[in-house]
Trainee: 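Sharing a structure, written as structure tokens. Questions coming.
For clarity, every value in this text was computed on a predicted model and none was experimentally measured. In what follows, chains are A, B, ... by sequence order, proteins preceding strands, each numbered from 1.
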Amino acid sequence: MLDIKFIRENVEAIAEAAKNKNIKIDLVKLIEIDEERRKLQAKLDEIRTRKNELAKLGQVSRPTDEQIGEGKKLKAEVGKIEEDLNKINSEFDELMVQVPTITAKDVPVGKDDSENIEIEREGDPLKFDFEPKDHIQLAKDLDIIDFDRGVKVSGYRGYYMKNEGASLQMALMMYAMDKLTQKGFTLMIPPTLVKEFVLFGSGYFSGKNFNESKDEIYKIANGEIEVDGKTNKENKFLIGTAEPSLLAYHAGEILEKKNLPLKFCGFSPCYRSEIGSYGKDTKGLYRVHEFMKVEQVCLCEADIDQAEKLHKEMLEISKEMHREIGLPFRVLEICTGDMSAGKYRMFDLEAWMPSRNGYGETGSASNFLDWQSRRLNVKYKDENGNKKYVYMLNNTAIPSPRFIIAILENFQQADGSVIIPEVLRKWMPGNANLIKN
RNA sequence: GGAAAGGUCGCAUAGUUGGUCUAGUGCGCACGCUUGGAAAGCGUGUGUGUCGCAAGGCACCGCGAGUUCGAAUCUCGCCCUUUCCGCCA
């Protein structure tokens, strides 16, 4: 969401951004509706002024028949205009939520993910002098992930983490939390079951609410219970990442500038419906309905330089963790066409995954400026006492399944065992350095 | 699952026979006086949003409808929170 004044003054730049992001939005109509809306509001205010005057007269002495008559007439007029205004306001809102953030000037323009640009590469993909297995086979042979029984119990894309697999997952989470805490992030375990505004605020619905959204989010409809003939509804949703819960922590609040930037890292289970990705990555851990992840989030003052600096800082932390764990990786600068509406700049991190014979996404760092904070209404007071919306950024720390894929596949040995990265060992039972049969 | 209470401009509260509430008071906060400096004390100010160059207008007392010339105050629906009991991790 952007400021309507800013939109009025920057229609062309926003139209350009929308085009580059493959977003269809009728800005001309938005401007027209905005004008009409303000005109109606002005008219309404005028009538209400008179209405208030009349009511005040009525306090002094009993209103005359004439005054009562005028009051009734005004009431009817107000009702009529309010009806029109409500209609136009909802059209206005609908368009407003679709208005994209203008990307940074140097973001590559492109139509889709094929035009993302690799800007960095570190570590060389490994060469094996034996026939390497994929993580599915490794997991099966080592008895550390059970996909068959996962499907039996949970359904498609279900899995059990088992033995060292379970330990490795928790070790990764502990490692990420430990790292982020040392970097000055405040550790949180946020709610994963949240209200609608939380997901709207982060931009997870393409429209104003769940019904207008496309995919990914699970809605928990367990509250649809009939009691005495009445349906009891409960609108709760499962998060796909800790980002929305962390961002909504300060929703509706006015923060102190001296406390900014705020840095949070959140550990959470994540739920993804994966509707729309049928047939994609159907086997293994790459695309699953639930997993654990540590996420990083920052709120800072409305200053692009500072936000860009934080963005890089968060990306560096992710790179550092890939490096320490020993995974070859690359960084992509995401092009406009592969970016969602609210983003100003975005990087993806990809680790080398031998079974894919390529890189697989293991992280994504985005800067939204104030697009999310306007939806969540998070502001701060600057030195002059003016209230401004904070800038919000987020980045993955470690998503457990994809790191497990990379670790198993990259660190497998000819005898079928897997070496556990040194930095994770202290979190493994008995400081184990190897997973073997 | 059962029962009850309640949602007022940062926090706490007043306000329920509809009109003097464009919301009072206390705390907090800001500025000033006072002081060697501070505290206390005193004085002034202090909600949010929106339209407007401005003066100023309008809206908001959880949300939404309704009654009325007029609603924080009455009616209905919804949402949320809290407490107690029961069951349970």
Trainee: Look through every strand shown and name the nucleotide pairing with B/C84 as Watson-Crick or G-U wobble, where both distances are under 3.5 Å.
Mentor: B/G2
Trainee: Among the candidates B/G57, B/A65, B/A59, find the nucleotide nearest to the side-chain atoms of A/R48.
Mentor: B/A59
Trainee: Do A/T362 and A/H322 have a side chain donor and acceptor closer than 3.5 Å?
Mentor: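 Yes, side-chain donor-acceptor contact under 3.5 Å.
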Trainee: If B/U17 has a Watson-Crick or G-U wobble mate with both distances under 3.5 Å, name it; if not, just say none.
Mentor: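 Paired with no nucleotide.
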Trainee: For the CD1 atom of A/I420 and the CD1 atom of A/I325, what is their distance to the nearest 0.5 Å?
Mentor: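 Answer rounded to 0.5 Å: 12.0 Å.
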Trainee: Check A/S318, A/S364, A/S366 against A/N395 for a side-chain hydrogen bond (donor to acceptor under 3.5 Å, both in side chains) and give me the one that passes.
Mentor: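 Exactly one pass, corresponding to A/S318.
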Trainee: I need the CG-C1' distance between A/L54 and B/U22, as an integer number of Å.
Mentor: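 The answer, rounded to whole Å, is 16 Å.
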Trainee: Where the side chain of A/R8 is concerned, which of B/G52, B/C80, B/G57 is the nearest nucleotide?
Mentor: B/G52
Trainee: When rounded to the nearest Å, what value does the distance between C1' atoms of B/A54 and B/C61 take?
Mentor: 30 Å
Trainee: Calculate the interatomic distance between A/I47 atom CD1 and B/A59 atom P; express it in whole Å.
Mentor: 12 Å
Trainee: Nearest whole angstrom, please: distance from the P of B/C58 to the CG of A/N89.
Mentor: 19 Å
Trainee: Show me the side-chain donor-acceptor pairs of residues 74-83 of chain A shorter than 3.5 Å, one per line, residues at least two apart or across chains.
Mentor:
{"from": "A/K80", "atom 1": "NZ", "to": "A/D84", "atom 2": "OD2", "distance (Å)": "3.3"}
{"from": "A/E82", "atom 1": "OE2", "to": "A/R48", "atom 2": "NH2", "distance (Å)": "2.6"}

Trainee: Whole angstroms only, please: what is the CG-P distance between A/L85 and B/G49?
Mentor: 19 Å
Trainee: Return the residues of residues 30-40 of chain A meeting this criterion: a heavy atom under 4.0 Å from some atom of RNA chain B. Order them by number, or give none.
Mentor: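 Heavy-atom contacts with RNA chain B come from A/R38.
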Trainee: If you measure only the distance, is there a donor-acceptor pair under 3.5 Å linking the side chains of A/T396 and A/K293?
Mentor: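 Not at all, the side chains of A/T396 and A/K293 share no donor-acceptor pair under 3.5 Å.
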Trainee: Please report the distance separating the P of B/U35 from the corresponding atom of B/A30, rounded so that it comes out in whole Å.
Mentor: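 The same atom, P, in both gives a distance of 22 Å.
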Trainee: Using the P atom as the reference point in each nucleotide, state the distance between B/U8 and B/C74 in Å, no decimals.
Mentor: 16 Å
Trainee: Check whether any side-chain nitrogen or oxygen of A/T49 sits under 4.0 Å from OP1 or OP2 of B/G57, and answer yes or no.
Mentor: no
Trainee: B/C11 and B/U82: how far apart are their P atoms, nearest whole angstrom?
Mentor: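 Roughly 16 Å separates the two P atoms.
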Trainee: Any luck finding a side-chain donor-acceptor pair between A/E324 and A/Y175 under 3.5 Å?
Mentor: yes
Trainee: Would you say A/E253 has more than 12 foreign heavy atoms packed within less than 6.0 Å of its CD?
Mentor: yes
Trainee: Consider only side-chain N and O atoms of A/Q372 and A/E243, and report whether a donor and an acceptor are under 3.5 Å apart.
Mentor: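 Judged by distance alone, the side chains do pair up.
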Trainee: Give me the distance, rounded to whole Å, that separates B/U13 from B/G7 when you measure between the P atoms they each carry.
Mentor: 9 Å
Trainee: If the P atom of B/G28 is compared with that of B/G10, how far apart are they to the nearest Å?
Mentor: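 Pairwise P distance, B/G28 against B/G10, rounds to 16 Å.
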Trainee: Write down the distance between CG (A/L44) and P (B/C58), rounded to a whole number of angstrom.
Mentor: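 Spelled out: CG on A/L44 to P on B/C58 is 11 Å.
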Trainee: If every non-hydrogen atom of A/H311 is compared with every non-hydrogen atom of A/R345, which pair is closest and at what distance?
Mentor: CE1-O, 3.3 Å
Trainee: Can you check the distance between B/C31 and B/C21, where both ends of the measurement are the P atom (answer in whole Å)?
Mentor: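 Nearest-Å result for B/C31 against B/C21 at atom P: 32 Å.
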Trainee: Rounded to the nearest angstrom, tell me the gap between atom CG in A/N259 and atom C1' in B/G10.
Mentor: 15 Å
Trainee: Side-chain N or O of A/N52 less than 4.0 angstrom from OP1 or OP2 on B/U22?
Mentor: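 Answer no for this pair, as no side-chain N or O of A/N52 is under 4.0 Å from OP1 or OP2.
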Trainee: B/U50 P sits how many Å from A/K5 NZ, rounded?
Mentor: 7 Å
Trainee: In residues 69-84 of chain A, what residues come within less than 4.0 Å of RNA chain B, judged by heavy atoms?
Mentor: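 Residues of residues 69-84 of chain A under 4.0 Å from RNA chain B: A/G71, A/K72, A/K75.
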Trainee: Under a 3.5 Å cut-off for both contacts, is B/U35 paired Watson-Crick or G-U wobble with anything, and if yes, with which nucleotide?
Mentor: none
Trainee: At their closest point, which heavy atom of A/S340 faces which heavy atom of A/K21, and how far apart are they?
Mentor: O-NZ, 3.3 Å
Trainee: Determine the interplanar angle of the A/F147 and A/Y159 rings, folded into 0 to 90°, and report it as parallel if under 30°, tilted if 30 to 60°, perpendicular if over 60°.
Mentor: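 Ring orientation of A/F147 relative to A/Y159: tilted.
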Trainee: Find the partner of B/A89: check Watson-Crick (N1-N3 plus N6-O4 or O6-N4) and G-U wobble (N1-O2, O6-N3) distances, both under 3.5 Å, and reply none if neither fits.
Mentor: none
Trainee: If we call it a pair only when both distances are under 3.5 Å in a Watson-Crick or G-U wobble match, what pairs with B/G7?
Mentor: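 In the structure as shown, B/G7 has B/C79 as its Watson-Crick or wobble partner.
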Trainee: Given atom CG of A/N86 and atom C1' of B/C63, what is their separation to the nearest angstrom?
Mentor: 14 Å
Trainee: Give A/K379 one of three labels, base, sugar-phosphate or nothing, depending on what nucleic acid heavy atoms sit under 4.0 Å from its own.
Mentor: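 Since only primed, P, OP1 and OP2 atoms lie under 4.0 Å of A/K379, the category is sugar-phosphate.
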Trainee: Using atom P in both nucleotides, what's the gap between B/A72 and B/G64 to the nearest angstrom?
Mentor: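 Between the two P atoms, the distance is 14 Å.
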Trainee: If you draw the axis of the six-membered ring of A/F92, does the NZ or CZ of A/R37 fall within 45° of it and under 6.0 Å from the ring centre?
Mentor: yes
Trainee: Across all strands shown, which nucleotide pairs with B/U44 by Watson-Crick or G-U wobble geometry, both distances under 3.5 Å?
Mentor: B/A30
Trainee: Across all strands, who's sitting opposite B/C58 as a Watson-Crick or G-U wobble pair, both distances under 3.5 Å?
Mentor: B/G49
Trainee: Who is the Watson-Crick or G-U wobble partner of B/A72, with both distances under 3.5 Å?
Mentor: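 Per the H-bond distance test, none.
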